[in-house]
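Worksheet: one structure, shown below.
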Amino acid sequence: MDLPHKESFFNIGPERYLNYLFALIALVFVGYHIYRRYRIWRLGKPELRFDRIPARVSLILRYALAQLKMPRDPWAAVVHYGIFWGYLLLFVATTLDGTTYWLKTLTGYEVLVGPTYLLYKALIGNLGGTLALIGLLAAFYWRLVIRPPRLRYQTEDWVILGLLLFNVLNGFEVQALRLAMTDLRNHPEWAYWAYGSYPLAVILSGLPDSVLRPLHWASWWVHVLASQFAVAFIAYSKLEHIIFGPLNIFFRSLEPRGTLKPIPNIETAETYGANRVPDFTWKQLLDADACIRCGRCTANCPANLTGKPLSPKKIILDLKAEMDRAGPLYLRGRQPDGPSLVGDITTDDELWDCLTCGACMEACPMEIEHVPTIVEERRYLVLNEGRIPRDVVNLFNNLERSGNPWGYPPTTRADWARDLGVRTIAEDPGADYLWWVGCAGSYDERNIRISRALARILQAAGVRFAILGPEETCTGDPARRAGHEYLYQILAQQNIEALNRYGVRKILTACPHCFNTLKNEYRAFGGFYEVVHHSQLIAELVETGRVRLERPVGQRLTYHDPCYLGRHNGVYDPARLALTRLPGASLVEMRLHRHQAFCCGGGGARVFMTETRGHKRVNHERTDHVLAVNPNVIATACPFCMIMFEDALKTRNLTDRLEARDLAELVAESAGLSLK
Amino acid sequence: MNIVVCIKYVPDWEAPASQFRIEDSRLVPAPGIAYRISDTDDEAIEAALQLKEKHGGRVTAISLGPASARDGLKHALAMGCDQAVLLDDPAFEDSDAAGTAAVLAAAIRKLGDVDLILTGRQAADWDQGQVHAGIAEFLGLPAVIPARHIEWTGSEFIVHRIYEEGYEEIAVKPPCVVACSNEIAEPRYPTLRGIMAASRAQIPVWTAADLGIDPGRVGRAGRRTRVLRLYAPQVEAKCEFIEGENPEEIAAKLVQRLREEKLL
């Protein structure tokens, strides 16, 4: 036959079938490993992650296959795309090769023949090998020369890279040896298509068959064994991410990122939060197995970057180590003793450092959910152990006694609006918007100014709104994020009762934390509302001309994305839209903005805690990001961000060159409204 | 070791003065104001719990008060007290310090077998600081007032009693009364398990009849003191900024100003 083709198992005798035995052994190793880990996941609590399958398939396509998070780090992109697509193509090539062989043996029909064969060789086999080679060489350069600090440099990492590189080179070598004995002699024009191994084939073609034949035979077997060893090695190394990563991506939460789950049946639960392996959900345990230790979470963690002990990666790997240690004991029905995960291995300080900003989750290529796990461990500290920092105890006491984090009298909640003619929902039950003012907007002196500016904007634009007044209490967000789920549920139920009593449908709020809680978390307790953030409403009022921006304010603005508005709820644009409409102002972006924005330091109830650890305060670090683009106004849209920035500007004596202002204040001023 | 802690449930003393009205020399808090266990009473509970955790025994919280004091007792149970008793009777209303001490002493006598009676140094609402001494007097027990530290040696309590220049170490045999100052312990926040157990707990109510108290000796009828005048003092606050080139200069000026005001 003269059409381009290849002789399967060239130069390999009947011992060729041993190849399948080795493959089977390797697969048994991998299968047994998956089974063992599966049993450990099953120790965890139930959690519904089988809903909305099409959305989950789309996750797989975007994050497992296209790996859309990779390009954020160009080196990682070259390395990982190279190795991943390279090896995927090589896997396809081998599978096609085997299929063709069996098809031909059983039916006599040959598929890979003619131009198809040449294209297969060029675009699958050799392209795969070439891509993998590029990725692997880049990996060595990256790790040996650039040495990014976020990576781990342990023996295992080098063994894997060495193994993969060996397999690719060995593969080219096997092909080159075969070409030297076949195509190069009979059909050199076929050999060009194997461009990866062609140069080596030309070099080797000078050797006599007595050398080429045994060398090819030996190399072929080395290739089989080394490849199957690499497959088996999936079960013993971080290569397990090939299986657990896509699985974890598939089961990712489809809720908005900031949403936390209630403790079910909190009144009758025996333990609260998570410390032992069975306290976590199966998905949280799977998270730990999916970790590839790339360190992106920690490299993006504002607490870690300012020198605090928290490392999200360590939190996840601590859990994995606990699964390795205690999991098999639970499976044998024993109760493991020894160190406690929370307290001894993951320290209290690490857990309290978390801002719940979600930068770790945003960065994680495996879609690990660090924040819910950290909050679950905080719940254990608070509800089970009562190990709570003093500031947090004060916070809880104030929320319990007064319904606000500072302990102001609940009766004075609406005092900020006394002279503004703002009506309560009891006075105007037909209002279009129930404005949820929130504790900061009601009590904090700086944020009251923002509430007043917003009230004037709404009044000028003719928006019919009402407030709850003294019936409003804290949404419970800080209690929940500090681990006090019970207090959160009490506050939530109280608020939902009040909102539902007035038949509230549409809620406006200037606080992203309230926004997130009202919109995403009250549903679990029977509170279903359409929730609008003030940046969204203001943008609409500006766009439709109901608020006219006439006076120039600020010259150079930068916008700080609040975590609970941006990363957690995907609202990035309305504030920017309104800011760019301000006459005479230009908007400059900080390096870390939108989904990569750096927390102000106030999330996760940290705004109510003294920052004692680390070499720098988070709000000072963020202020440095602001200073780097040299604006004269930091625009924000969150009361906690405002408190953190005000603090940073004052403690660093920056008040005469830089102001922190809420979007509402800037818009009110530009519209010529009173700011008093 | 059996410990009784006497607690008082009072309106939030950190609430601004605007939250209170004065009617006929009586203080009327605004509706909706938060109540909490009086300052230093919660520290007394913590001190009792720490002694119990170290040496075993039972901690009983008692409170003389209206039915709402039940919430304070629930909090004490949630923190880890083993039982609680509410002393409530119309006859107890408006007791002065002596009357309150008489009722509490009767309740402690009824509980029997008590090694240590802890109280706060003074209640956050009236700041009188007399009830602990009254209890000791009625029960004929020694009292250490106020204490910043307490420990049990196996036969006696070692108590650090605070005075202006420091503290003195006193060894006292049980049973005795110790009034706790805030330094004695940092009150814990109850665990959810504690809160849940407390919410299910039954708190018995003892009346004057239960305690065998003559209603004429306590409450309004039994008062030996009366308030002549109750008023909110006018406090004038003035804010003054001390300016200077550097922190040293500002500090020096501040010291000078404080001296002028005879505050140093």
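From a predicted model like this one, the values you see are computed outputs, not experimental measurements. Each chain gets a letter, A, B and so on, in the order the sequences are listed, and its residues count up from 1.
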Can you confirm whether B:Gln256 is buried at CD, in the sense that more than 12 heavy atoms of other residues, nucleotides or ligands lie under 6.0 Å from that atom? no

Find the distance between CD1 (A:Ile263) and CG (B:Leu192) and round it off to the nearest 0.5 Å. 7.0 Å

Please tabulate the donor-acceptor pairs under 3.5 angstrom that span chain B and chain A, backbone and side chains included.
| from | atom 1 | to | atom 2 | distance (Å) |
| --- | --- | --- | --- | --- |
| B:Gln19 | OE1 | A:Thr411 | OG1 | 3.0 |
| B:Gln19 | NE2 | A:Thr411 | OG1 | 3.4 |
| B:Glu186 | OE2 | A:Arg390 | NE | 2.5 |
| B:Pro187 | O | A:Arg390 | NH2 | 2.9 |
| B:Tyr189 | OH | A:Glu400 | OE2 | 2.2 |
| B:Tyr189 | OH | A:His484 | NE2 | 2.9 |
| B:Leu192 | N | A:Leu383 | O | 2.8 |
| B:Arg193 | NH1 | A:Glu270 | O | 3.3 |

Decide if atom OH of B:Tyr163 counts as having more than 12 heavy atoms of other residues, nucleotides or ligands within a radius under 6.0 Å. yes

